Peer 1: 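One structure, as structure tokens, below. Some questions next.
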Number of protein chains: 4
Amino acid sequence: MDSPVPAPSPTRERLWRIIFLSDTPIGRTFDVVLLWLIGLSVLTIILESVDEIRLPHESLIYALEWVFTVLFSLEYLARLWVVRRRWRYALSFFGVIDLISILPAYVELLLPGTHYLMALRVLRLMRMFRVLKMAEYMGEANILLAALRASRRKITLFLTTVVSLVLVEGTVVYVLEHDANPDFANIPQAVYWAIVTITTVGYGDVAPVTVPGKMMASIIMLTGFAIIAVPTGIVTSELGRAIGDQKRPRRRCDECGWEDHDPQARFCQHCGTRLG
Amino acid sequence: MDSPVPAPSPTRERLWRIIFLSDTPIGRTFDVVLLWLIGLSVLTIILESVDEIRLPHESLIYALEWVFTVLFSLEYLARLWVVRRRWRYALSFFGVIDLISILPAYVELLLPGTHYLMALRVLRLMRMFRVLKMAEYMGEANILLAALRASRRKITLFLTTVVSLVLVEGTVVYVLEHDANPDFANIPQAVYWAIVTITTVGYGDVAPVTVPGKMMASIIMLTGFAIIAVPTGIVTSELGRAIGDQKRPRRRCDECGWEDHDPQARFCQHCGTRLG
Amino acid sequence: MDSPVPAPSPTRERLWRIIFLSDTPIGRTFDVVLLWLIGLSVLTIILESVDEIRLPHESLIYALEWVFTVLFSLEYLARLWVVRRRWRYALSFFGVIDLISILPAYVELLLPGTHYLMALRVLRLMRMFRVLKMAEYMGEANILLAALRASRRKITLFLTTVVSLVLVEGTVVYVLEHDANPDFANIPQAVYWAIVTITTVGYGDVAPVTVPGKMMASIIMLTGFAIIAVPTGIVTSELGRAIGDQKRPRRRCDECGWEDHDPQARFCQHCGTRLG
Amino acid sequence: MDSPVPAPSPTRERLWRIIFLSDTPIGRTFDVVLLWLIGLSVLTIILESVDEIRLPHESLIYALEWVFTVLFSLEYLARLWVVRRRWRYALSFFGVIDLISILPAYVELLLPGTHYLMALRVLRLMRMFRVLKMAEYMGEANILLAALRASRRKITLFLTTVVSLVLVEGTVVYVLEHDANPDFANIPQAVYWAIVTITTVGYGDVAPVTVPGKMMASIIMLTGFAIIAVPTGIVTSELGRAIGDQKRPRRRCDECGWEDHDPQARFCQHCGTRLG
């Protein structure tokens with residue numbers, strides 16, 4: 001459990017339990033209310049960005065923004081109040097996310113014109129994962145995370161190789177296309193094209209026009225075929241292992257050492273001895 | 001068997017057997033005729049939507065539409081007649097599909113101008129799966145479904161993460177591109193772009209134009225690489241398990257009937273009897 | 001070996017051995033020459049389609065075409081001459097391919113203006129696989145084919161589901177987009193868009209413009225994510241099985257039945273008995 | 001260890017150890033400095049290609065280029081000096097890469113106007129892998145490489161099939177689209193389209209416009225679905241095997257040293273000794 005430690009005071013510890021855990025009815029209610037608040041506030045932010053919706057309802061949206069900001073500010077202060085080591089919480093991952101999701105509103109009050117930063121309040125969504133962390137999806141998430149963690153080094157190595165590859169491939173196509181195609185005016189642009197291509201996204205906003213450029217692009221696409229298989233292979237292998245480990249608790253016979261028994265087995269498959 | 005229970009009358013039970021099962025020659029004929037009717041009626045709907053085909057043949061298509069509507073209506077009434085609990089069937093998945101595939105024609109008769117809803121009759125295609133359900137692909141479908149069902153929670157968790165990710169990524173690129181690019185005029189539009197990108201569809205109808213926007217897009221694409229590997233990994237692992245379970249040769253104990261023994265087992269795991 | 005049976009004559013049988021097998025030096029030379037002829041003739045067809053290359057070299061290309069046509073015609077006649085059952089060969093897969101790769105040239109002689117059919121001579125490429133069939137890649141190809149064959153029914157079922165899905169999804173987006181977007185003028189066009197989307201190709205030549213259309217498209221893309229995982233999962237599972245079966249010949253102990261021994265093992269891992 | 005053999009002289013051998021190995025503090029410092037030089041020089045090349053950055057800082061970038069060129073030239077000469085067989089090193093993979101990363105600068109001095117070749121200095125990036133080769137990612141890289149090497153023949157076979165497929169598919173769509181669509185003016189262009197499609201990149205710069213062309217394209221995309229699964233299946237299977245081999249706990253016989261025993265083994269497979 002990596003939740004912060006409560007402050008040494010009965011009131012604060014009770015509040016801490018409600019806010020940070022979900023093992024009491026009131027704690028679970030708090031989580032549900034918080035999830036709804038996060039969802040509604042993110043929806044408000046999204047709708048606010050649409051001119052057709054904001055302009056006719058400007059004052060309503062303005063009011064809603066401040067309601068959410070005040071509620072999340074209170075929640076942030078409450079969290080700071082109940083934990084034992086405040087700085088540690090304030091600098092933790094979720095502490096920073098909490099601050100970022102309320103700060104833009106106050107910043108805009110002081111520095112008008114920074115309105116676009118408001119959109120960063122959408123990071124509030126990340127807080128959702130704190131609530132989910134304690135919920136039923138924990139086990140599944142752990143398997144996925146274990147698989148990703150086990151593949152971490154392989155994926156790092158793979159991404160390093162891919163980054164080098166797109167740098168080299170982008171430069172080669174830049175040399176080939178440069179004169180004929182303003183889309184390949186410089187290497188960063190060509191590398192952007194190489195990334196769009198090797199990930200098979202393929203917007204088509206940048207595309208080769210010369211014959212050598214298209215030939216090179218064809219080679220890149222066909223080899224990219226094999227490349228896209230690598231991360232899938234990595235994750236699948238590790239995931240298969242993680243799922244297998246989880247699903248197959250096996251029993252061992254003390255007599256002959258045979259290990260491959262079902263959890264419900266009563267006799268050894270191999271020597272017939274009764275299992276303990 | 002989740003087919004509805006027949007009504008308690010010999011005539012209706014006989015008809016029920018023809019319509020709902022396919023264990024008699026006439027039942028199989030009914031299935032084949034129904035599959036052809038579904039196929040032809042869907043083909044008519046598709047061709048009707050093409051102006052170049054509908055305009056010269058308007059009356060023929062109009063006649064065909066009503067032939068199919070009447071036939072499917074009769075079939076729907078017959079199904080209602082032969083089952084024991086009518087409301088239960090009417091509200092079941094296939095009952096609703098059956099109704100949706102005939103209703104638009106009658107609705108248009110009463111409310112002219114709703115012609116586009118006619119296209120929804122294409123949902124008749126879903127009925128095809130009812131017929132296939134009893135056919136030879138049952139076993140294969142079960143393996144695929146078992147694998148998907150086993151991965152249900154992991155895929156839910158994964159989709160939740162992806163939805164949060166595209167909301168956050170879309171907002172960040174919205175903040176970066178907003179001023180320079182009318183394609184990113186609001187967050188929903190930016191989220192649409194993020195979905196198009198992370199799924200590697202990449203239409204190119206919305207694409208970043210600023211340097212920071214393209215850099216962010218590149219990061220999103222490269223990390224999307226690892227993300228696309230996750231559902232594949234999940235389905236592959238579960239599918240491998242489902243296929244493995246099906247194909248693994250197992251030995252059965254004649255004494256107690258326990259079936260789950262290794263091929264090398266010599267004693268029953270459950271009762272300790274020596275295997276033959 | 002599914003090569004045709006030779007005709008009962010020493011000369012023809014000798015020629016048959018050269019043409020259909022590759023177990024003699026001259027048979028292998030024949031294969032290599034044939035591979036080169038196929039490659040060069042396909043290259044000629046491809047270059048011929050480029051106006052900038054054909055126009056200045058028209059007579060050279062015309063001559064080359066006839067050289068290849070005559071050589072492949074002679075080869076086709078020789079194959080017909082040496083096999084025992086001529087019609088059977090002529091109607092076999094490779095017999096038909098052989099005919100298609102020479103026919104267009106003669107057809108054009110009789111019916112000028114069918115020049116574009118000439119491009120179909122590119123099907124000659126398929127003949128390459130006949131030569132490769134006898135070569136070293138046989139073993140690898142067998143594993144891939146075994147995996148694909150084992151997944152045949154699952155892939156058929158999957159493709160049926162995907163075809164139904166794109167029909168339904170295309171129709172729904174057609175209903176939503178129809179009035180606002182000429183790209184979705186009819187259902188076939190909308191289904192084409194759905195196929196382009198669900199396979200993540202995403203040309204962008206057809207794309208939704210209305211808000212409900214884009215929302216529906218987003219849902220289709222996100223669920224397509226899970227769908228693309230299915231064929232990969234199927235092929236991977238079967239391939240893993242096929243490779244595993246090939247690589248793990250195991251020995252069984254006659255005494256205790258333990259099966260999991262290396263091929264080089266000399267004693268049973270479990271009971272210590274010397275293996276036979 | 002495939003590093004070159006040092007020359008038989010104490011000074012040169014000491015220098016060799018610093019340059020080619022990283023088992024001493026000074027050797028590791030050399031590696032880190034080299035990695036930074038490579039990174040900075042590649043960054044310079046990339047920024048130099050951007051007109052907005054090069055034009056105002058032309059002399060600074062020019063100076064930086066020569067600093068890097070001189071440093072890498074010294075390093076190249078040092079490598080040549082310390083190895084025993086110079087030609088062998090000069091012609092090895094990394095020897096050639098080393099030369100290519102310094103040559104363009106000198107070539108431009110002699111032949112002005114070849115400036116675009118300068119971009120090829122980006123191949124210096126490949127040298128990075130030499131340094132990484134000795135570092136901690138070695139183990140992970142070996143697993144990935146083992147998996148790729150084991151799938152080499154299968155991937156070759158697969159790429160051959162895909163190349164034949166795109167040639168045939170491109171030609172068929174060329175025949176269908178040729179008259180109506182200038183994008184399919186010749187077969188190479190159509191093959192380029194087929195590659196863009198089958199790899200699911202889908203730029204949309206070339207797309208079919210006729211009804212038969214779109215139908216053919218739809219079939220190609222749907223079958224491409226199954227095709228993209230094959231390399232993933234290959235890599236995943238081999239990777240699963242490679243990771244499994246690495247992680248499988250094995251027991252070793254103290255008597256004869258044979259290592260490949262199951263965890264439940266009781267006797268040595270090779271010499272029959274009872275395992276401890």
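Residue numbering restarts at 1 for every chain, and letters A, B, ... go by the order of the sequence lines. If you're wondering where the values come from, they're calculated on a predicted model, not measured in any experiment. What's counted below: heavy atoms across the whole structure, side chains too, no hydrogens, waters or symmetry copies.
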Peer 1: What's the separation between atom CD1 in D:Ile38 and atom OG in A:Ser164, rounded to the nearest 0.5 Å?
Peer 2: 10.0 Å

Peer 1: Does the side chain to side chain contact (heavy atoms under 4.5 Å, CB included) test come out yes or no for A:Ile187 and D:Val50, once each step is laid out?
Peer 2: CA-CA 7 Å; A:Ile187 295 183; D:Val50 186; over 6 Å; no

Peer 1: For the candidates A:Ala185, A:Gly204, A:Gly170, which exhibits the highest count of non-hydrogen atom pairs separated by less than 4.5 Å from chain D?
Peer 2: A:Gly204

Peer 1: By a 4.5 Å heavy-atom criterion (distance strictly below it), what part of D:Ile45 contacts chain A: side chain, backbone, both, or neither?
Peer 2: both

Peer 1: Considering all heavy atoms of both residues, which atom of D:Asp205 and which atom of A:Ala207 are nearest to each other, and what is their separation?
Peer 2: OD2-CB, 3.6 Å

Peer 1: Quick one: what part of D:Leu159 sits under 4.5 Å from any heavy atom of chain A, side chain, backbone, both or neither?
Peer 2: side chain

Peer 1: So which pairs with a foot in residues 210-221 of chain A pass side chain to side chain donor-acceptor pair (under 3.5 Å), sequence neighbours left out?
Peer 2: A:Glu177-A:Thr210, A:Lys214-D:Gln189

Peer 1: Considering non-hydrogen atoms only, spot the tightest contact between A:Thr232 and D:Thr232 and give its length.
Peer 2: CG2-CG2, 3.3 Å

Peer 1: Output the distance between atom CG (D:Leu125) and atom OG1 (A:Thr160), rounded to the nearest 0.5 Å.
Peer 2: 11.0 Å

Peer 1: Any chance you could lay out the side chain to side chain contact (heavy atoms under 4.5 Å, CB included) test for D:Val235 and A:Ile234, step after step, and finish with the verdict?
Peer 2: CA-CA 9 Å; D:Val235 173; A:Ile234 295 170; over 6 Å; no

Peer 1: A:Asn186 and D:Asp51: side chain to side chain contact (heavy atoms under 4.5 Å, CB included), yes or no, with the steps?
Peer 2: CA-CA 8 Å; A:Asn186 50 54; D:Asp51 285 350; over 6 Å; no

Peer 1: Counting only heavy atoms from other residues, nucleotides and ligands, does the tally under 6.0 Å from OH of D:Tyr62 exceed 12?
Peer 2: no

Peer 1: Which answer fits A:Val206, side chain, backbone, both or neither, if we ask what part of it has an atom under 4.5 Å from a heavy atom of chain D?
Peer 2: backbone

Peer 1: Please output the residues of residues 193-202 of chain D in contact with chain A, using a heavy-atom cutoff of under 4.5 Å, in numerical order.
Peer 2: D:Ile195, D:Val196, D:Ile198, D:Thr199, D:Thr200, D:Val201, D:Gly202

